[in-house]
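First up is the structure itself, then whatever we jot down about it.
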Amino acid sequence: MTTAESTSPESTPEASPRDFIRTIIAEERAAGRHPDGVVTRFPPEPNGYLHIGHAKSICLNFGIASENTPGRCHLRFDDTNPTKEDVEYEAAIEEDIRWLGFDWGTHLHYASEYFDRLYEDACELIRRGKAYVDSLSAEEIRDYRGTLKEPGRNSPHRDRTVEENLDLFARMRAGEFPDGAHVLRAKIDMASPNMNMRDPALYRIRRVPHHRTGDAWPIYPMYDYAHCLSDAYEGITHSLCTLEFEDHRPLYDWILDELQTPTHPRQIEFARLNVSYTVTSKRKLLALVEEGHVSGWDDPRMNTIRGLRRRGFTPASVRRFCERIGVAKRDGVVDWALLEHTLREELNVTAPRMMGVLRPLKVVIENYPEDQSEELEAINNPEDPAAGTRMVPFGRELYIEQGDFMEDPPRKFFRLGPGREVRLRYAYFITCERVIKNDAGAVVELRCTYDPATRGGSAPDGRKVKGTLHWVAADAALPAEVRLYDRLFTEENPGGGGRDFRDAINPDSLEVISDARVEPALGDARAGVAYQFERLGYFCLDAVDASPEHLVFNRTVTLRDSWAKHAKGGAK
RNA sequence: UGGGGAUUGGUGUAAUGGUAGCACGACUGACUCUGAAUCAGUUAGUAUAGGUUCGAAUCCUAUAUCCCCAGCCA
């Protein structure tokens, strides 16, 4: 249903395409192509968990499909190698994609569901004289392939007759041969400058059960053969993949052309996502898990979708991030800070404010009546009046942040110090009168006075204080464990320059604070909900380790902190 | 001269022969009951060398640099 393209100037149907792929598609559609809609696919191999890099591809494929009605995006598991894959990963992958906010409807597919069809098409290729069974060993095939600069040589088995090939291939399929005895190869050109065209393998013998097809097959198709045909079978119009497959496109097209498939999807390549201070390679991610550098695939420091989720990132912030980074063909590294930015951007307007003290320093208000306590009203979210207010208990004994007091403060320090007056947020102005230290000379308690007239946080006489501190009432506050996460690597490109990425692992990527105190309202915190601990950052209840008796909060991301920068100076 | 791809501020990304723009970051300042947010501003770019043109990030020529390819992995 091609819409009549109006040439009238007022017809600006949609925003212009955001990237070169969308531009290509828009041009094709303007030319009347894809009348039945644009069909894309996300084709993970079920051999690992999804990470932030996959999120880019997911957002791209599902995004383009939804923008090009009546488009659709399939989820297809590329399960052609049973020695590496497992159902365990499939459920996790589906869950992660759904969490990100995408839906493939009824289009859940598996390359393995096409095994019969793929086999028939392979026979057809043989009949057309375009494929042959080779009986060279793997080493011999490698040897015959030549090198990047030298052409390969034809296999001695290259000229077997169609009948002979058909018979051998049928017997491969029947399970007559051991692994490695034969391989089905495309007959293309052993002298091609493109290594992928030097008679690539199409099928190999693998006498292992497949997690979906069981013992039905002793032979399995290779990626290059299965992928393009799966795309064609499903009516995919655009097969979007990463740059390293650019060299495979001639083969992708060759197979579809030789088989004269009814449709011929267009493969378009784009640059994979790299994010600074992280790794996005299955091998490295797996090593982090298996070698115990992290607690698992969902460790909040991992850039896996599950890791980000447990850490407290939101689906919308990840999607927004993927929009911001764009899609192009240039290899690059995106700042991790951009992901943090999109997260803060969202959480700032959605997250309820709370108060929590990470490193408690006791404060006694000497002129506050013994045995008195009260509740003070606090705003839940200044960015969202509809979020309302809550009551926070206050008393004679409080905890403030150790870092909010300095015995000998520098000029620009706005917080508490001997003789200084500050505001306790939503409570009172207090003045530090005395400092109590332990035998080691460490400050363990502050004796302060408060001004009853400043109840609520403002002074009737109009006097100002420079600093406002967060606090909790000593007896009403809840104990909590808080996990402070920092980047997992100390280098922008871990393992760059040929070094081992393990050498760049940040030994301080996790700091556990076991005796933090949080305001009582946090006792009702639920996993998956982000809270802003005022002046500290965004936190969420840990979905795995927290319980009603033992609160555990993950710090998702800190608030921007211009004081910390100023104070640290040139520190790293 | 194996083949393929890429090159725009610190980072990512627009501009397809006509004002090099946007975002992140960094830095200033204003405001502030979060040193947050918000607001205002500053910073900084077409890899190099030629050429075509009234005019070049864009077209042409050469050069440089980086990435990918020699799995019976995807």
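Every chain is numbered from 1 and lettered A, B, ... according to where its sequence line falls, protein lines coming before strand lines.
A/Ser562 comes within 4.0 angstrom of the backbone, heavy atoms only, and of no base. Across all strands shown, A/Val327 has heavy atoms under 4.0 Å from sugar-phosphate atoms exclusively, and none from any base. Using a 4.0 Å heavy-atom distance criterion, A/Lys412 is classed as a base contact.
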Do any N or O atoms of the protein come closer than 3.5 Å to N or O atoms of nucleotides 66-72 of chain B, and which pairs are they?
residue : atom : partner  : partner atom : Å
B/C67   : O2'  : A/Asp331 : OD2          : 3.2
B/A70   : O2'  : A/Arg145 : NE           : 3.1
B/G71   : OP2  : A/Arg145 : NH2          : 3.1
B/C72   : OP1  : A/Arg145 : NH2          : 3.1
B/C72   : OP2  : A/Arg145 : NH1          : 3.3
B/C72   : O3'  : A/Arg206 : NH2          : 3.4
B/C72   : O2'  : A/Arg206 : NH2          : 3.4
B/C72   : N4   : A/Leu136 : O            : 3.0
B/C72   : N4   : A/Ala138 : N            : 3.1
B/C72   : N4   : A/Gly180 : O            : 3.3

Identify all pairs in which a protein N or O lies below 3.5 Å from an N or O of nucleotides 37-46 of chain B, and state each distance.
residue : atom : partner  : partner atom : Å
B/A37   : OP1  : A/Arg560 : NH1          : 3.2
B/A37   : OP2  : A/Arg560 : NH1          : 3.3
B/A37   : O2'  : A/Asn348 : ND2          : 2.8
B/A37   : O2'  : A/Glu383 : OE2          : 3.1

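Annotation: A/Arg390, atom CZ; neighbour count of heavy atoms from other residues, nucleotides and ligands within 6.0 Å is above 12.
Closest contact between the side chain of A/Asp19 and the listed nucleotides B/A36, B/A74, B/A14 involves B/A14. The side chain of A/His341 approaches B/C24 more closely than any other nucleotide in the set B/A74, B/U34, B/C24.
Under the stacking definition used here (centres under 5.5 Å, planes under 30°), the residue A/Tyr223 fails to qualify as stacked on the base of B/A74.
When all heavy atoms of A/Arg207 and A/Phe177 are compared, the closest pair comes out as NH1-O, 3.0 Å.
Exactly one of A/Phe533, A/Phe553, A/Tyr531 qualifies for a ring-ring contact (aromatic ring centres under 6.0 Å, His included) with A/Phe539. That residue is A/Phe533.
In this model, the phosphate group of B/G3 is not approached by any side-chain N or O of A/Ser192 to a distance below 4.0 Å at OP1 or OP2. Proximity of A/Thr80 to the phosphate of B/A74: a side-chain N or O atom is located under 4.0 Å from OP1 or OP2.
Glycosidic conformation of B/G10: anti, with the torsion beyond 90° of 0.
For the contact set between residues 463-470 of chain A and RNA chain B, defined by any heavy atom under 4.0 Å, the members are A/Thr468.
Here the side chain of A/Glu401 pairs a donor or acceptor atom with the backbone of A/Arg359 at under 3.5 angstrom. Not a single donor-acceptor pair under 3.5 Å links the side chain of A/Glu85 to the backbone N or O of A/Pro46.
In a base pair of the Watson-Crick type (N1 to N3 plus N6-O4 or O6-N4) or a G-U wobble (N1-O2 and O6-N3), with each distance short of 3.5 Å, B/A30 is matched with B/U38.
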